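Below is one structure; the comments refer to it alone.
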Number of protein chains: 2
Amino acid sequence: MARSTDTQNGPLDSQAAIERTLSVIGDKWSILVVRAVLRGVRRFDELIDDLGIARPVLAERLKRLVAHDVLAKVPYQEHPARYEYRLTEAGLALSPVLVALVRWSETHLPNVEPTTALVHAPCGTELEQAFWCRTCATTFGPSAIRGVQADAAVGADHPGDHSG
Amino acid sequence: MARSTDTQNGPLDSQAAIERTLSVIGDKWSILVVRAVLRGVRRFDELIDDLGIARPVLAERLKRLVAHDVLAKVPYQEHPARYEYRLTEAGLALSPVLVALVRWSETHLPNVEPTTALVHAPCGTELEQAFWCRTCATTFGPSAIRGVQADAAVGADHPGDHSG
DNA sequence: CAGGATCCAAATGGATACTG
DNA sequence: CAGTATCCATTTGGATCCTG
C-alpha cells in the first residue's frame, strides 16, 4: 500500500512501469505466446499444439494481447473466415525482454537437457506423484510438476524447474 | 505437450530457457521483490510495507529466491539474530530484465500518472466494485483491481492496469 | 523484528463439449 | 479451424494470529 519512494525514481526504480508491463505480459503464458508467434506459430490450433495451453486460456490471452496491441489479428483466407496472429511493432519490441530472460537463464541457471519437457509433465502416470525440488526445498504436487525429465523425476539433481 | 521445434533453436527460440527463468522469477511478486532489494529495501518488514505483499507470500518468495541464488540472506546483527537480503551476482544480473520491462512500458504502453497506486487499489470502499477495462474489454472484480486511480476508476480512459 | 501456521476467498487453468 | 460455454480441481494469495 504505502510505497516508500513514489517519486524520485531512476530508470530501475520505475515500479509502476514494471507492473504495467507485467500486467500485459506478466502471466505464465503471454510471453510464451509472443515467442511462439515470433517463431512463426500463428494460428489458434497451432498454438494449442505448440504450447500445450488450454483452449479457453489461449483464447483469452490472444484477446488481451490483441487489445493491448502486442498482437494483431489478420485474416489469411475468406471463405470460412480465418485469422492468424502477427506481432505488432510493440510485440516485436518485446524481443529485448525475451533476450534478457534467455540470457539470464543461460548464464545464471544450472543447465538441464534441452530435450526436457518444460511445459507439461508427461501424461504417464508414474510421475503423477509429489515432486521434491532440492533447490527450493519444497514439495510440489503432481499438477505443479513442470520440466521434469521423464526418467529422472525424483531424486535427480534438480532435474528441472517448476512454477508456482 | 508436443512442441514443434525442440531442436534447432536460435537465441530467441529457447523456450526452455525462458521457462526456466520464469520458473524462478515468473510470478507476480518475485521481480518486484528483486527490484525492491535493488532499491535498498532489504528487511522483511520493510519489504512488507514497501510492496504490500502478504506475509506468508513474501516469506515463501524470499526462500525461493535465496534457494535459487538470486538473493542472499545475511545477518546484520546478532543479539536477536536478524537478517537482511542482498542481491547475489545472479540477482544483480537480472537488471537487464528489469530494464527491458521498464523500457517496453515507457515506449509501448499508454502513460498513466506516476502517482497511480499500482499494487493495491485504495482500501476505501467506493472502489470495491467491478472495474471495466476498455483496452481488454473485460470486467474485473474488486480484488483484481490494480493501478486504479482513486478518482477515475470507472469510465476513465484506461486508467490503469490490472493483473490476471 | 522475522517469520511460521491456519484459514479462507478468489482466481487460474485444464478438460470437455458445443458452435459457426 | 477457431473459437465459446461450462464445469471443476488446484493454486494463489491475503488476513490473522502465534512464536522466538
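Numbered from 1 within each chain, the chains take letters A, B, ... in sequence-line order. None of the values given here were measured: they were computed from a predicted structure.
- Taking atom CG of B/Leu47 as the reference point, atom P of D/dG14 lies 14 Å away to the nearest angstrom.
- Rounded to whole angstrom, the span from the CZ atom of A/Arg55 across to the P atom of D/dT6 amounts to 17 Å.
- Summarising the geometry of A/Glu19 relative to B/Leu32, their closest heavy-atom pair is OE2-CD2, 3.5 Å, with the distance given to 0.1 Å.
- Between the C1' atom of C/dC1 and the CG atom of B/Asp50 lies a distance of 17 Å, rounded to the nearest Å.
- Residues meeting the side-chain hydrogen bond (donor to acceptor under 3.5 Å, both in side chains) test with A/Arg86, sequence neighbours left out: A/Glu84.
- The side chain of B/Ala54 approaches D/dG14 more closely than any other nucleotide in the set D/dG14, C/dG14, D/dA2.
- For C/dC1, neither phosphate oxygen OP1 nor OP2 lies less than 4.0 angstrom from any side-chain nitrogen or oxygen of B/Tyr85.
- Between the CZ atom in B/Arg61 and the CG atom in B/Leu51 there is a gap of 11.5 Å [rounded to 0.5 Å].
- Between the C1' atom of C/dA11 and the CD atom of A/Glu60 lies a distance of 11 Å, rounded to the nearest Å.
- Atom CG of A/Asp27 is separated from atom P of C/dA11 by 16 Å (rounded to the nearest Å).
- Counting only distance, with no hydrogens or angles, the side chain of A/Ser30 and the backbone of A/Asp27 share no donor-acceptor pair below 3.5 Å.
- Nearest to the side-chain atoms of A/Asp45 among the listed nucleotides D/dC1, C/dT16, C/dG14 stands D/dC1.
- Taking for each of A/Ala59 and A/Arg82 the nucleotide of DNA chain D with the nearest heavy atom, the 5'-most of the two is the partner of A/Arg82.
- Atom P of nucleotide D/dA2 and atom CG of A/Asp49 are separated by 11 Å, given to the nearest angstrom.
- Here C/dC1 presents its P atom at 11 Å from CD of B/Gln77, a figure rounded to the nearest Å.
- When distances run from any side-chain atom of A/Tyr76 to the nucleotides C/dA2, C/dG13, D/dA2, the shortest one goes to D/dA2.
- Out of D/dA15, C/dA15, D/dA2, the shortest distance to the side chain of A/Pro56 is found at C/dA15.
- Applying the side-chain hydrogen bond (donor to acceptor under 3.5 Å, both in side chains) criterion to A/Thr88, with sequence neighbours excluded, gives no partner residue.
- Side-chain nitrogen and oxygen atoms of A/Lys63 include none within less than 4.0 Å of the OP1 or OP2 phosphate oxygen of D/dA2.
- One interatomic measurement links the two molecules: CG of A/Leu62 to P of D/dA2, which rounds to 11 Å at whole-angstrom precision.
- The shortest distance between the side-chain N/O atoms of B/Arg61 and the OP1/OP2 oxygens of D/dG13 is below 4.0 Å.
- Taking every side-chain heavy atom of B/Lys28 into account, D/dG13 is the closest of D/dA2, D/dT16, D/dG13.
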